[in-house]
Amino acid sequence: MTAVVAAVVALSALVTVRLLREDGTSAQVPADGGGTNAVTAGADCGEGPCQVVARATVDGKPVELLADSQGGNGRFQAGANTIEVTVTALGGRLDANSLSCVSGTVSACLVHARQEGAAIAQLLVDRAGTWRSVDKPYYSSGGVVRLDDVAGDTAPEVVVVQTSPVLARVFALDGSALGCTRRYTSVSQLRGWPEVQLNPGDLRACS
């Protein structure tokens, strides 16, 4: 019975992400360090100790992405803050490329993972020294979710690429939609692809 319940919960989570795939909602500075097999003492990821998958520095302070030996059961750790990684609960697996962060007036990190050619990402935001996770994940059928200061306000926004139709959606760190690019025939037409870099003039109302 326990196994059946667990399977139903996992399936429901995956269905939830699928329903979000084309509006981008619930789901850059590269991580400063690559992946490592270092084990974090006292931290448990599932049935075994956590390993450090990726590291970054945000506002001069280190943050780490932890997971089990298979890249599952993820944890985001920043000082005394430890936050569960939702993308691994949705079937994603973490690696050395799964963490990207941007320092700004409000700093943020994305934890992202591949899923059947697409990308799912969890947004974590640092406000007054306390990290919090935005409840809903971002889903990109185009395989790109990234942080970029699109609005020019010294705080990053979330850029999500979709393929049906082909465009990029931009969200503020509170999850509110800021706009979309025009529609393209190919993702390669997006400015800077695949490191998509937009400016306010690229955005219009999402239709």
Side-chain angles (χ1 to χ4, degrees), residues 11-30 58 76 83 85-92 94 97-127 131-207:
L11 179 59
S12 298
L14 291 173
V15 169
T16 299
V17 174
R18 289 298 185 193
L19 292 175
L20 304 169
R21 75 162 50 202
E22 292 306 343
D23 67 2
T25 59
S26 344
Q28 178 170 26
V29 177
V58 183
F76 174 86
I83 300 172
V85 172
T86 56
V87 295
T88 55
L90 295 170
L94 306 179
N97 299 311
S98 291
L99 179 65
S100 58
C101 300
V102 169
S103 298
T105 52
V106 179
S107 299
C109 290
L110 281 174
V111 176
H112 33 84
R114 290 285 176 183
Q115 188 183 66
E116 298 178 2
I120 52 176
Q122 177 180 357
L123 175 64
L124 302 111
V125 180
D126 177 23
R127 298 185 186 277
W131 286 90
R132 299 186 187 280
S133 174
V134 175
D135 288 340
K136 298 179 179 181
Y138 290 89
Y139 183 96
S140 169
S141 55
V144 173
V145 183
R146 69 185 308 267
L147 292 167
D148 189 29
D149 183 9
V150 178
D153 56 1
T154 70
E157 285 77 42
V158 182
V159 179
V160 182
V161 176
Q162 68 177 59
T163 55
S164 182
V166 177
L167 54 79
R169 294 177 181 269
V170 179
F171 299 88
L173 294 181
D174 63 2
S176 59
L178 298 180
C180 293
T181 65
R182 69 177 180 87
R183 299 184 179 189
Y184 295 91
T185 57
S186 169
V187 291
S188 63
Q189 294 175 298
L190 287 162
R191 188 196 309 274
W193 175 263
E195 299 295 316
V196 180
Q197 297 178 340
L198 307 177
N199 57 52
D202 292 319
L203 300 184
R204 59 202 67 198
C206 298
S207 58

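Just so it is clear, the model here is predicted, and its values are computed rather than measured. When reading the values below, keep in mind they use all heavy atoms of this one structure, side chains included, and skip hydrogens, waters and symmetry mates.
- At distances below 3.5 Å, not a single donor-acceptor pair connects side-chain atoms of R182 with backbone N or O atoms of R204.
- Of all heavy-atom pairs spanning P156 and A108, the tightest one is CG-CB, 4.1 Å.
- D148 contributes no side-chain N or O that, together with a main-chain N or O of V150, makes up a donor-acceptor pair within less than 3.5 Å.
- A118 and S140 make their closest contact through CB-O, 3.2 Å (heavy atoms, listed as atom of the first residue, atom of the second, distance).
- How far CG of L94 is from CG of L99: 9.5 Å, rounded to the nearest 0.5 Å.
- Heavy-atom minimum distance, G179 versus C206: C-SG, 3.4 Å.
- Within the 4.5 Å cutoff, the side chain of V159 has no heavy atoms near those of the V144 side chain.
- Of the possible polar contacts, none joining the E195 side chain to the G192 backbone as a donor-acceptor pair under 3.5 Å is found.
- Note: L147 CG to L123 CG = 6.5 Å, rounded to the nearest 0.5 Å.
- For R169 (side chain) and A177 (main-chain N/O), no donor-acceptor pair under 3.5 Å exists by modelled atom type.
- Atom CG of residue D126 and atom CH2 of residue W131 lie 5.0 Å apart, to the nearest 0.5 angstrom.
- Annotation: side chain of T105 is not in contact with side chain of D153 (no heavy-atom distance under 4.5 Å).
- The closest donor-acceptor contact from the side chain of E157 to the backbone of V170 lies at 3.5 Å or more, if one exists at all.
- Expressed to the nearest 0.5 Å, how far CG of L124 lies from CG of L173 amounts to 11.0 Å.
- In terms of heavy-atom proximity, P194 sits nearest to R146 at O-CD, 4.4 Å.
- The backbone N or O of L203 lies less than 3.5 Å from no partner atom in the side chain of T181, so there is not a single donor-acceptor pair.
- A donor-acceptor pair under 3.5 Å links the side-chain atoms of S141 to the main chain of T163, judged by distance alone.
- Taking CD from Q197 and CG from D202, the interatomic distance works out to 11.0 Å, rounded to the nearest 0.5 Å.
- Nearest heavy-atom pair, G92 versus A113, reported as atom, atom and distance to 0.1 Å: CA-CB, 3.8 Å.
- Heavy atoms only, all atoms of each residue included: D149 and A155 are closest at OD1-O, 3.2 Å.
- Q122 is listed as a side-chain neighbour of I83, based on a closest heavy-atom distance under 4.5 Å.
- Using a 4.5 Å cut-off on side-chain heavy atoms (C-beta onward), R127 and R132 make no contact.
- Taking CG of L110 as the reference point, atom OG of S100 lies at 4.5 Å (rounded to 0.5 Å).
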